[in-house]
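Notes to accompany the following structure.
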Amino acid sequence: MDQRISFITLAVADLDATRRFYRDGLGWTPELDVPGEVLMFRAGQHLVLSLWERSHFEAEVGATMTGPGVAPLTIAHNLSTAEGVDEVLATARSAGAAVVQPAEQRDWGGYSGYFADPDGYRWEIAYNPGPVGEVVLP
């Protein structure tokens with residue numbers, strides 16, 4: 001098996017709200033938009049973010065766990081400057097995201113903050129000046 005990821009799929013409660021957030025708020029262009037079912041965005045050269053309406057997700061994958069707390073994952077968007085981090089967090093806030101952790105200098109040498117999308121999924125917006133940061137930038 002090749003060492004790569006092709007899709008990240010998240011189950012969402014309200015696909016219309018998700019569409020408004022990602023397409024209208026963040027300005028992303030869908031690769032596929034099937035109302036009431038799925039919304040897909042190219043998220044990298046060979047990576048797609050798939051936002052699947054929860055009932056369709058559960059019909060194929062199985063029941064999802066719900067309850068208090070945060071899903072045990074983050075989605076990261078890395079940038080080449082710390083100023084870019086602040087700009088993206090401001091755009092996300094304008095689109096309706098809750099900034100759950102303002103950007104700050106991190107012990108690992110970078111600068112990052114977090115926002116929650118309409119379903120509470122946490123996005124890390126980061127400037128990572130190290131070698132791994134260089135790997136993920138286009």
Side-chain angles (χ1 to χ4, degrees):
M1 180 174 152
D2 293 342
Q3 185 173 311
R4 64 183 161 81
I5 295 173
S6 305
F7 272 78
I8 296 172
T9 301
L10 304 175
V12 301
D14 183 342
L15 192 60
D16 290 332
T18 298
R19 179 182 297 100
R20 285 189 302 273
F21 179 76
Y22 285 94
R23 187 191 65 195
D24 304 336
L26 296 183
W28 287 23
T29 303
E31 290 290 315
L32 177 70
D33 186 352
V34 180
E37 188 174 334
V38 68
L39 186 59
M40 294 184 185
F41 297 96
R42 184 181 305 259
Q45 185 176 3
H46 300 287
L47 178 64
V48 171
L49 175 63
S50 175
L51 302 161
W52 209 355
E53 195 280 327
R54 189 177 310 277
S55 66
H56 291 276
F57 179 96
E58 289 180 336
E60 185 166 322
V61 179
T64 57
M65 296 186 326
T66 58
V70 176
L73 66 99
T74 61
I75 303 165
H77 179 78
N78 281 244
L79 299 155
S80 59
T81 67
E83 295 79 18
V85 171
D86 293 329
E87 291 170 14
V88 170
L89 287 172
T91 298
R93 184 182 300 111
S94 294
V99 174
V100 296
Q101 178 65 248
E104 62 183 54
Q105 197 65 40
R106 302 293 177 179
D107 291 340
W108 47 266
Y111 180 76
S112 70
Y114 292 84
F115 71 79
D117 78 358
D119 281 273
Y121 291 111
R122 297 309 202 252
W123 280 78
E124 177 188 24
I125 309 302
Y127 163 61
N128 181 345
V132 173
E134 293 175 15
V135 168
V136 298
L137 290 175

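Any value given below was found using the heavy atoms of this structure, including those in side chains, with hydrogens, waters and symmetry copies removed. Computed from a predicted model, the values in this text were never measured in an experiment.
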Tabulate below the donor-acceptor pairs under 3.5 Å that side-chain atoms of residues 118-130 make, not counting sequence neighbours, or state none.
{"unit_1": "Asp119", "atom_1": "OD1", "unit_2": "Ala13", "atom_2": "N", "d": "2.7"}
{"unit_1": "Asp119", "atom_1": "OD2", "unit_2": "Thr18", "atom_2": "OG1", "d": "3.4"}
{"unit_1": "Tyr121", "atom_1": "OH", "unit_2": "Ala11", "atom_2": "O", "d": "2.8"}
{"unit_1": "Arg122", "atom_1": "NH1", "unit_2": "Gly120", "atom_2": "O", "d": "2.9"}
{"unit_1": "Trp123", "atom_1": "NE1", "unit_2": "Tyr22", "atom_2": "OH", "d": "2.9"}
{"unit_1": "Glu124", "atom_1": "OE2", "unit_2": "Ser112", "atom_2": "OG", "d": "3.4"}
{"unit_1": "Asn128", "atom_1": "OD1", "unit_2": "Gly130", "atom_2": "N", "d": "2.9"}

State, to 0.1 Å, how close Leu89 and Gly113 come at their nearest heavy-atom pair, and which atoms those are. CD1-CA, 4.1 Å
Joint hydrophobic cluster, Phe21 plus Trp28, side-chain heavy atoms closer than 4.5 Å: yes
Show me the donor-acceptor pairs within less than 3.5 Å that the side chains of residues 92-103 make with the rest of the protein, sequence neighbours left out.
{"unit_1": "Ser94", "atom_1": "OG", "unit_2": "Ala90", "atom_2": "O", "d": "3.1"}

Applying a strict under-4.5 Å side-chain criterion to I, L, V, M, F, W and Y, I'd like to know whether Ile8 and Met40 cluster together. no
Grouping I, L, V, M, F, W and Y whenever their side-chain heavy atoms are under 4.5 Å apart, do Trp108 and Val85 come out in a common cluster? no
Applying side chain to side chain donor-acceptor pair (under 3.5 Å), name anything that partners Ser55, two or more places apart in sequence or on another chain. Glu53
Provide the closest heavy-atom pair for Tyr114 versus Arg106 in the form atom of the first, atom of the second, distance. CE1-NH2, 4.0 Å
For Tyr111 and Asp86, work out which heavy atoms get closest and say how close. OH-OD1, 2.7 Å
What pair of heavy atoms forms the shortest contact from Ser50 to Phe7, and how long is it? CB-CD2, 3.9 Å
Show me the donor-acceptor pairs, under 3.5 Å and distance only, between side chains in residues 61-83 and residues at least two apart or in other chains.
{"unit_1": "Thr64", "atom_1": "OG1", "unit_2": "Arg54", "atom_2": "NH1", "d": "3.4"}
{"unit_1": "Thr64", "atom_1": "OG1", "unit_2": "Glu58", "atom_2": "OE2", "d": "2.6"}
{"unit_1": "Thr81", "atom_1": "OG1", "unit_2": "Gly84", "atom_2": "N", "d": "2.9"}

Search all heavy atoms of Val34 against all heavy atoms of Leu15 and return the closest pair with its distance. O-CD2, 3.9 Å
Would you say Glu37 and Trp52 make side-chain contact, with heavy atoms under 4.5 Å? yes
hydrophobic_cluster_shared for Val12 and Val48, side chain cutoff 4.5 Å: no
If you group Ile, Leu, Val, Met, Phe, Trp and Tyr by side-chain heavy-atom gaps below 4.5 Å, do Phe41 and Leu26 land in one group? yes
Taking the hydrophobic residues Ile, Leu, Val, Met, Phe, Trp and Tyr, and joining any pair whose side-chain heavy atoms are under 4.5 Å apart, which ones share a cluster with Leu137? none
Say you draw a straight line from CG of Asp33 to CG of Leu39; how long is it, rounded to the nearest 0.5 Å? 5.0 Å
Those residues that, when tested against Asp107, pass salt bridge (charged side-chain N to carboxylate O under 4.0 Å, His left out) (two or more places apart): none
